[in-house]
Amino acid sequence: MAFAPTLTLPRFAGEGMMVAGLAAYALLYASPYGLRVLTVAGVYALAAIGFQIVFGLGGALSLAHGAFFGIGAYVTGILGSQWGLGFAATFPMSLLVPLLLALLVGLPVLRLESHYFALATLGIAQVVHLLAVNSPGLTGGANGLPGVPGIVLFGWAVPRGLPLAVVVWGFVALGGLLAWRLARGRWGRALTLVRDDPLAAGTLGLDVGGLRLAAFTLSAVYAGAAGALAVHTQRVVSPEVLEFPVMVSVLTIAVVGGRGRVAGAILGAVLLLHLPEWFRFLERSYLIVYGVALLATIVLAPHGLTGLLDRLFPARPAPLPKPEAPPEMAIPNGPLLRVEGLTKGFGGVRAVDGVSLTLEAGTITGLIGPNGSGKTTLVNLISGLETPDGGRVLMGNVDLAGKRPDRIARAGIARTFQAVSLPEGASVLAAVAAARLERDGSIAQAEAHALWALERLGAADLAAKPCAGLPAALRRRVELARALARQPAVLLLDEPAAGLTDGEKAELAGHLRAIAAMGTALLVVEHDMGFLLPLAGHVLCLDQGRPLYEGPPDGVRSDPAVVAAYLGEGA
Ligand SMILES: Nc1ncnc2c1ncn2[C@@H]1O[C@H](COP(=O)(O)OP(=O)(O)OP(=O)(O)O)[C@@H](O)[C@H]1O
């Protein structure tokens, strides 16, 4: 469904209206019961803001979020009602315990693929729930613990009603601001790339595992804080805080409000907590209406309510930065990369079988061979996406074989992919700037450098366009700009000319020669000999993972082994 933009608003106009509306309702209109619902909505908003970090930005469906909420609640409950500790001690502990647990379980579970990760985190939630129910001495078992003290701030015992609502929403504002700043900064951008394309993120120098763990841990801290505030609101803690409905509510709030958006978490929480109240007059059928309202929101606004509002009232586009050349990497002369006896097997298949290769500064090496001969695997081994069984990948005296992709990228190796993958929701400028997130001090600087790379490839006019919907040739150009923005010493290109017209290929060849002239060593995987042979100074042909020919491009077409295995007679 296409929406015609009706009005562009100044930045933060929507957020400002939301805050003003909430404040006016709380101060002027809400009954004591209404204030209680609003307070609980604040608790859920805080939990959902944390969930936006791990799920919305990081793309990891952590079903342990409800467990971290419950743990935060129990820590406050136990320390408050059993040990008699006050808010100043219990609140930090309610943040710290989920943080430590997230660090502990995050390391193993974050390695899992998406649905296994969700299942593993669900398992964590189940275990925590069982422990709470079955440890009556500590947790009060199924009955829970009554007598949790209220919040005391700087000696002021916060009474229920408006003061408690203000304090809880104060925490929401603090947590929301912090999350918003993180989401809009380099860290948030990096995290969204990890969500959208973890493979590319690693090859752009981003520590995928570290970013995921940080997001998981930070989200647990938010959940713990929300759990603590929930218990202070109710003054009792029971296993209900660890049950699945808490998790379902947080997930629904994030999805309905708008995935990854702080404003979405707040809007979603306020709506979701108030909808049942508004529909209560329907008595027994209110749950049906509530369900239908939720379903309608999800179907009609797949990017949530904040996404819908963005489309109806788009923000004014930010002006483009001035292009700026990134600081040049000092690329030495001579051999930049030496591959020695690299080997990789998949089951019985020897995909790469003792391949050696040297890439010299300022040269273009062609890598050819029949389908399945091991070209992409060789590029994957060099760039760290596969771990070699044997052999070395030397840059200077440093052996990069088996190192993580981000470590290899930081050593000066960049690559493109056979199947181009760009973050569809991002602009071209943001997609290219992702290459600089790990190096530059700010997003503005990363974007200035990204614009330089786009300009060098004659694609600066694409900067403001969304990646989604770009034609194949332009997508390849954008991906090349992203690799170029890293100012790599070694650039590995996997079939860069696939799908291009003759004119586009000639243009690409010109760009690749210009990149090599800067001192970069290029390795180009290609099937199109008409494109590659005039471009490359040196060619390696693989067959069944083994080198079949290595030498000047002139000798390729006349080499009987290459003709027999790959090019065929009359090539
Ligand atoms: N992850 C994997 N698991 C199992 N087998 C794999 C994997 N990756 C590659 N292979 C196998 O390794 C061999 C080499 O594949 P590779 O993709 O490197 O060839 P290629 O020369 O790049 O082919 P193409 O020209 O079609 O891109 C093939 O037999 C392939 O099936």
Counting only N and O atoms by type, is there a donor-acceptor contact under 3.5 Å from the side chain of [X] to the main-chain atoms of [Y]?
| X | Y | result |
| --- | --- | --- |
| R486 | L204 | yes |
| R476 | V420 | no |
| H65 | A220 | no |

Point to revise | Pair T203, R415: side-chain N/O donor-acceptor within cut-off below 3.5 Å | key: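 Result is no, nothing qualifies.
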Any side-chain heavy-atom pair of [X] and [Y] under 4.5 Å:
| X | Y | answer |
| --- | --- | --- |
| L218 | W187 | yes |
| V75 | T90 | no |
| H274 | L38 | yes |
| D406 | E438 | no |
| V208 | P405 | no |
| I266 | W169 | yes |
| Y44 | V270 | no |
| M93 | L85 | no |

Practice item. Decide if atom NE2 of H303 counts as having more than 12 heavy atoms of other residues, nucleotides or ligands within a radius under 6.0 Å. Key: no
Check your understanding: If you count the non-hydrogen atoms of other residues, nucleotides and ligands that lie under 6.0 Å from CD in E324, is the total more than 12?
Key ->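 More than 12 heavy atoms, drawn from other residues, nucleotides or ligands, come within 6.0 Å of this atom.
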To the nearest 0.5 Å, what is the distance between [atom1] on [X] and [atom2] on [Y]?
| X | Y | atom1 | atom2 | result |
| --- | --- | --- | --- | --- |
| R259 | R195 | CZ | CZ | 5.5 Å |
| R189 | E447 | CZ | CD | 4.5 Å |
| L242 | Q126 | CG | CD | 10.0 Å |
| T252 | M247 | OG1 | CE | 9.0 Å |
| L164 | L229 | CG | CG | 8.5 Å |
| L267 | L309 | CG | CG | 7.0 Å |

**Study point:** Aromatic contact, F216 with F68 (centres under 6.0 Å)
**Key:**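 Yes, ring centres under 6.0 Å apart.
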Check your understanding: Tell me, which pairs form a side chain to side chain donor-acceptor pair (under 3.5 Å) where one or both residues lie in residues 419-430, sequence neighbours left out?
Key -> D197-S421, E424-R475
Check your understanding: So, for L451 and A463, which heavy atoms are closest and what is the spacing to 0.1 Å?
Key ->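 Of all heavy-atom pairs spanning L451 and A463, the closest is CD1-CB, 3.6 Å.
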Practice item. Heavy atoms only: give me the nearest I71-V97 pair and the separation to one decimal. Key: CG2-CG1, 3.7 Å
Exercise for review: Check step by step if side-chain hydrogen bond (donor to acceptor under 3.5 Å, both in side chains) holds for T121 and S62.
Suggested key: CA-CA 6 Å; T121 49; S62 166; 4.8 Å; no
